[in-house]
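Chain A is the first sequence line, chain B the second, and so forth, proteins listed ahead of strands; every chain is numbered from 1.
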Amino acid sequence: MDSTLSLKPRGKGKGSKGAPSSNDKSKYQLLKEWSNWSLKKAKVATHYGFIPLIIIVGMNSDPNPHLFQLLSPV
Amino acid sequence: MADLLPPLGTAQIDGKTKVDEKVDYSNLPCPVPYEELHREAIMSLKADNFEGLRFDFSKGLNQKFSLSHSVMMGPTEVPSQSPDTTIKIPTAHYEFGANYFDPKLMLIGRLMTDGRLNARVKADLTDRLVLKANGQLSNEPHMSHAMFNFDYMGSDYRAQLQLGNSALIGATYIQSVTPRLSLGGEVFWAGVPRKSGIGYAARYDTDKMVATAQVASTGTIAMNYVQKISEKVSLATDFAYNYLSRDVVASVGYDYILRQSRVRGKIDSNGVASALLEERLSMGLNFLLSAELDHKKKDYKFGFGLTVG
């Protein structure tokens with residue numbers, strides 16, 4: 001009986017240290033999650049936007065080419 | 001400065017023809033970048049052989065901006081279980097590309113019909129620091145790669161830091177030791193297969209020949225030698241040995257740069273003979289013929305192509 005009573009508070013202590021609850025995340029885990037999210041968004045943005053970026057940069061360099069030069073096959 | 005130099009200048013020109021010359025160790029030339037250490041050997045020995053049809057059309061809109069369209073039809077190899085058989089799957093794809101070349105910024109993007117984007121960026125952040133980024137992005141998850149390189153060019157050394165996705169970090173350093181000899185080393189750490197490696201390289205070049213050697217803790221030892229016979233002809237030979245997997249390959253190749261064409265060929269100790277011909281039919285029109293015969297695996301690849309613009 002004494003052993004079970006003395007074990008209970010220790011069990012609760014271990015529980016709070018072992019698995020962080022949703023309110024209690026460490027800064028390192030927040031940073032990892034935020035960097036994963038931002039890398040995923042950056043990858044999608046690069047995938048869709050890299051070629052348009054090159055086209056915009058190229059069309060604004062001088063001498064400015066015309067739009068029909070971009071689209072015509074000749 | 002120029003008035004003081006003429007007597008020293010002539011002494012140095014005479015000195016170069018003698019064996020023991022007076023070397024100015026504080027004024028050595030900048031070495032070639034570490035990844036281009038064996039660039040002359042690569043031009044002859046690792047030519048761009050392909051199989052099937054290749055058609056590249058490149059249209060310039062500007063001095064700096066151009067678009068490119070390329071069509072490739074042919075079998076692509078799929079890694080197979082047994083080393084004796086090769087599995088080839090016929091594919092055809094179209095690739096749209098846009099290039100922007102500026103003295104300070106270079107952007108190259110290639111987009112394929114299956115959604116894969118191949119992007120390269122080279123930006124001069126200052127006149128000594130260059131950022132290079134290279135990425136292959138695809139729609140499939142976990143199949144995208146990206147690598148960022150920061151290159152610093154010193155007066156007689158170059159240092160580079162590489163960062164890649166899935167936790168890859170590498171650094172290389174190369175230093176000119178004499179006007180002809182440069183020594184370098186590299187260190188890398190890869191997070192996903194947890195391994196790290198270190199390697200050393202040396203390059204000795206004169207006007208007529210280039211010799212390089214590389215040793216790495218991943219097990220590769222590679223040495224190559226290129227002799228420039230004349231302006232038009234150069235011969236190269238290469239030896240690669242992996243002391244962990246006990247693989248040995250030696251190859252001999254040639255590179256003939258003629259007025260209207262360029263022929264490169266090599267023969268290997270694995271029984272592979274290959275050649276690549278690039279012929280200039282007229283201004284802006286190039287014709288390509290490629291052949292690679294692998295006698296050991298009985299795999300024969302032939303390709304032809306046309307490059308316009």
Side-chain angles (χ1 to χ4, degrees), chain A residues 3 6-74, chain B residues 55 57-69 71 94-123 133-148 163-167 191 284 308-309:
Chain A
S3 58
S6 61
L7 274 170
K8 273 181 195 171
R10 271 188 229 156
K12 275 183 200 165
K14 270 185 197 164
S16 66
K17 275 182 210 163
S21 62
S22 56
N23 302 333
D24 199 20
K25 284 185 184 157
S26 66
K27 277 184 191 171
Y28 176 61
Q29 286 197 322
L30 275 174
L31 184 65
K32 265 205 315 190
E33 280 178 20
W34 183 85
S35 72
N36 268 350
W37 175 89
S38 65
L39 274 177
K40 283 202 179 110
K41 296 296 175 198
K43 184 228 167 208
V44 173
T46 314
H47 205 153
Y48 281 103
F50 192 70
I51 299 254
L53 170 78
I54 301 182
I55 291 179
I56 288 174
V57 170
M59 294 298 272
N60 286 336
S61 64
D62 38 53
N64 290 23
H66 289 275
L67 188 61
F68 95 95
Q69 272 179 302
L70 182 72
L71 299 173
S72 83
V74 171
Chain B
F55 178 71
F57 173 60
S58 171
K59 179 171 73 166
L61 284 97
N62 214 348
Q63 276 284 66
K64 303 179 181 180
F65 178 49
S66 60
L67 296 175
S68 79
H69 306 268
V71 174
Y94 162 74
E95 190 180 67
F96 172 74
N99 315 317
Y100 178 76
F101 293 105
D102 200 40
K104 293 216 162 211
L105 176 66
M106 180 182 90
L107 299 167
I108 295 181
R110 298 265 180 274
L111 184 66
M112 295 220 231
T113 44
D114 52 4
R116 271 187 292 162
L117 173 72
N118 194 339
R120 284 181 53 195
V121 175
K122 175 174 170 276
N134 190 346
Q136 276 114 34
L137 307 177
S138 83
N139 280 326
E140 295 162 38
H142 303 297
M143 290 291 284
S144 310
H145 308 285
M147 180 105 95
F148 295 89
L163 300 167
N165 82 328
S166 68
V308 182

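The distance from the CZ atom of B/Phe65 to the CG atom of A/Asp62 is 14.0 Å, given to the nearest 0.5 Å.
Listed by sequence position, A/Lys43 are the residues of residues 30-43 of chain A in contact with chain B, using a 4.5 angstrom heavy-atom cutoff. Residues of residues 47-54 of chain A that come within less than 4.5 angstrom of chain B, heavy atom to heavy atom, are A/His47, A/Phe50, A/Ile51, A/Ile54 in numerical order.
Here the closest non-hydrogen pair linking A/Gly58 and B/Asn62 is O-ND2, 3.7 Å. A/Gln69 approaches B/Lys59 most closely through the heavy-atom pair O-NZ, 2.9 Å.
The contact between B/Leu67 and chain A is made entirely by side chain atoms (from C-beta outward), counting heavy-atom distances below 4.5 Å. Proximity to chain A is absent for every atom of B/Asn165, based on heavy atoms less than 4.5 angstrom apart. With a threshold of 4.5 angstrom between heavy atoms, B/Phe101 does not approach chain A through any atom at all. With a threshold of 4.5 angstrom between heavy atoms, B/Ser138 approaches chain A through N, CA, C or O but not through any side-chain atom.
When side chains are defined from C-beta on, A/Ser61 does not count as touching B/Gln63, because their heavy atoms never get closer than 4.5 Å. In this structure, B/Tyr100 and A/Ile55 have side chains that are not in contact, with every pair of non-hydrogen atoms separated by 4.5 Å or more.
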